[in-house]
Amino acid sequence: IKLVPSLPPVVNGPESIEQLQCALADPVAPSVVFAMQPSQPGVERHLLLVRVKLLQLDCCVRRKCWSFTTCGMRWVAQDEIVILLEQQSDASTENSVMDELLPPEDIFYHLLSIYEEAMNKHHVIINLGHTVTPGTFLGSTEHGGFLFFRTTFQCVQQLPLPPPPYLVGVLLQRWEIPWAKVFPLRLLLRLGAEFRYYPCPLFSVRKRKSVFGEVGHTIVNLLAAMWKNNQRTTGRDGYA
């Protein structure tokens, strides 16, 4: 059922926007499942399912996050993907704050683009690989993409995780993309230091300050340019 025009159809339970909002926020209700159909007419393909839940992560990080968990990436030889995105709160009036009640649509369509890249071009994301988001993403042109990694010592007690292997994606700023290309582990550790969470946080924060500034004509910029030229020759720009 397509309850919200901007979101994919829901395949379980809710039959109205109000029911959808309640199901997403109810801590004891199962995750809401959204179905995404790859855009390749005339070919029978598996659906990509995305399980979504609004989680109150009060065990360690004290944040409220949207949890996106894929089911179906394995059909295209891609590890399943988990994205935790902190819920956004906007000041609606001078004395009140309105919380985000529905998951942001951009995450769904970015996950679908990863699925289609793996299906059509056989480009899969591996540990410490990354993607690049063009233009405006999640309401800002400063968001640059995602860096993907495997969980290690992070707390996962309250997370609805898929069967392994899976990758967790953390949102990057534009100035962090060159570091994701050539020094991804250093970037992850720097994010861990910024959020005081070892080795790195599993959650993403929108419109945060970049942990690295403009690289200019530094060695990182040079190495990033070399990496881009190499990706052009292999036809895998944006994926690693």
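It should be emphasised that the depicted structure is a prediction, and the values quoted were computed from it without experimental measurement. Residues: numbered from 1 along the sequence shown.
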Over all heavy atoms of both residues, which pair between [X] and [Y] is shortest? Give the atoms and the distance, please.
| X | Y | value |
| --- | --- | --- |
| Val124 | Ala77 | CG1-O, 3.5 Å |
| Val11 | Ala35 | CG1-CB, 3.5 Å |
| Val132 | Pro134 | O-CD, 3.7 Å |
| Ser6 | Tyr109 | O-OH, 3.3 Å |
| Gln78 | Ile125 | OE1-N, 2.7 Å |

Identify which one of Ile107, Val205, Leu138 satisfies the side-chain contact (heavy atoms from CB on, under 4.5 Å) criterion when paired with Leu171.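 Running side-chain contact (heavy atoms from CB on, under 4.5 Å) over Ile107, Val205, Leu138 with Leu171 returns exactly one hit, Leu138.
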Check the pair Ile114, Phe148 against side chain to side chain contact (heavy atoms under 4.5 Å, CB included), reporting the backbone distance first and the verdict last. CA-CA 12 Å; Ile114 293 173; Phe148 296 88; 3.9 Å; yes
Results of side chain to side chain contact (heavy atoms under 4.5 Å, CB included) for Pro27 - residues two or more places apart only: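 Residues passing side chain to side chain contact (heavy atoms under 4.5 Å, CB included) with Pro27: none at all.
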Measuring from [X]:[atom1] to [Y]:[atom2], what's the distance to the nearest 0.5 Å?
| X | Y | atom1 | atom2 | value |
| --- | --- | --- | --- | --- |
| Thr136 | Glu142 | OG1 | CD | 10.0 Å |
| Leu54 | Leu102 | CG | CG | 10.5 Å |
| Arg208 | Phe195 | CZ | CZ | 5.5 Å |

Candidate pair Lys181 and His130, rule side chain to side chain contact (heavy atoms under 4.5 Å, CB included), full reasoning: CA-CA 7 Å; Lys181 293 176 178 179; His130 73 283; 3.7 Å; yes
Which salt bridge (charged side-chain N to carboxylate O under 4.0 Å, His left out) pairs, counting each pair once, include a residue from residues 5-16, with sequence neighbours left out?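 The answer is none; no pair qualifies.
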Hey, could you give me each pair passing salt bridge (charged side-chain N to carboxylate O under 4.0 Å, His left out) that has a residue in residues 163-174? Not counting sequence neighbours.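 Counting only pairs at least two positions apart or across chains, no salt bridge (charged side-chain N to carboxylate O under 4.0 Å, His left out) contact touches residues 163-174.
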Can you tell me which residue pairs pass the side-chain hydrogen bond (donor to acceptor under 3.5 Å, both in side chains) test with a partner in residues 19-35, sequence neighbours excluded?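 Every candidate side-chain hydrogen bond (donor to acceptor under 3.5 Å, both in side chains) pair involving residues 19-35 fails, so no pair, neighbours aside, qualifies.
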Verify same cluster id: Val156, Tyr198 (apolar side-chain graph, 4.5 Å):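 Not linked; separate clusters.
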Within 6.0 angstrom of Arg150 CZ, more than 12 heavy atoms from elsewhere: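 More than 12 within 6.0 Å, yes.
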Other residues, nucleotides and ligands only: do more than 12 of their heavy atoms fall within 6.0 Å of CZ on Arg51?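 No, because the 6.0 Å sphere around CZ of Arg51 holds 12 heavy atoms or fewer from other groups.
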Kindly indicate, with the supporting measurements, whether the criterion side chain to side chain contact (heavy atoms under 4.5 Å, CB included) is fulfilled by Val170 and Phe149. CA-CA 8 Å; Val170 65; Phe149 56 93; 3.9 Å; yes
Is there a side chain to side chain contact (heavy atoms under 4.5 Å, CB included) between Phe137 and His110? Walk through the geometry before answering. CA-CA 9 Å; Phe137 185 75; His110 190 63; 4.0 Å; yes
Going by atom type alone, with no hydrogens or angles, which donor-acceptor pairs under 3.5 Å involve a side-chain atom of residues 60-70 and a protein atom two or more places apart or on another chain?
from, atom 1, to, atom 2, distance (Å)
Arg62, NH1, Asp58, O, 3.0
Arg63, NH1, Glu86, OE1, 3.2
Arg63, NH1, Glu86, OE2, 3.0
Trp66, NE1, Glu100, OE1, 2.9
Thr69, OG1, Pro160, O, 3.1
Thr70, OG1, Glu80, OE1, 2.6
Thr70, OG1, Ile81, N, 2.9

Suppose we screen for side-chain hydrogen bond (donor to acceptor under 3.5 Å, both in side chains). Which residues come up paired with Tyr197, at least two apart in sequence or across chains?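 Residues passing side-chain hydrogen bond (donor to acceptor under 3.5 Å, both in side chains) with Tyr197: none at all.
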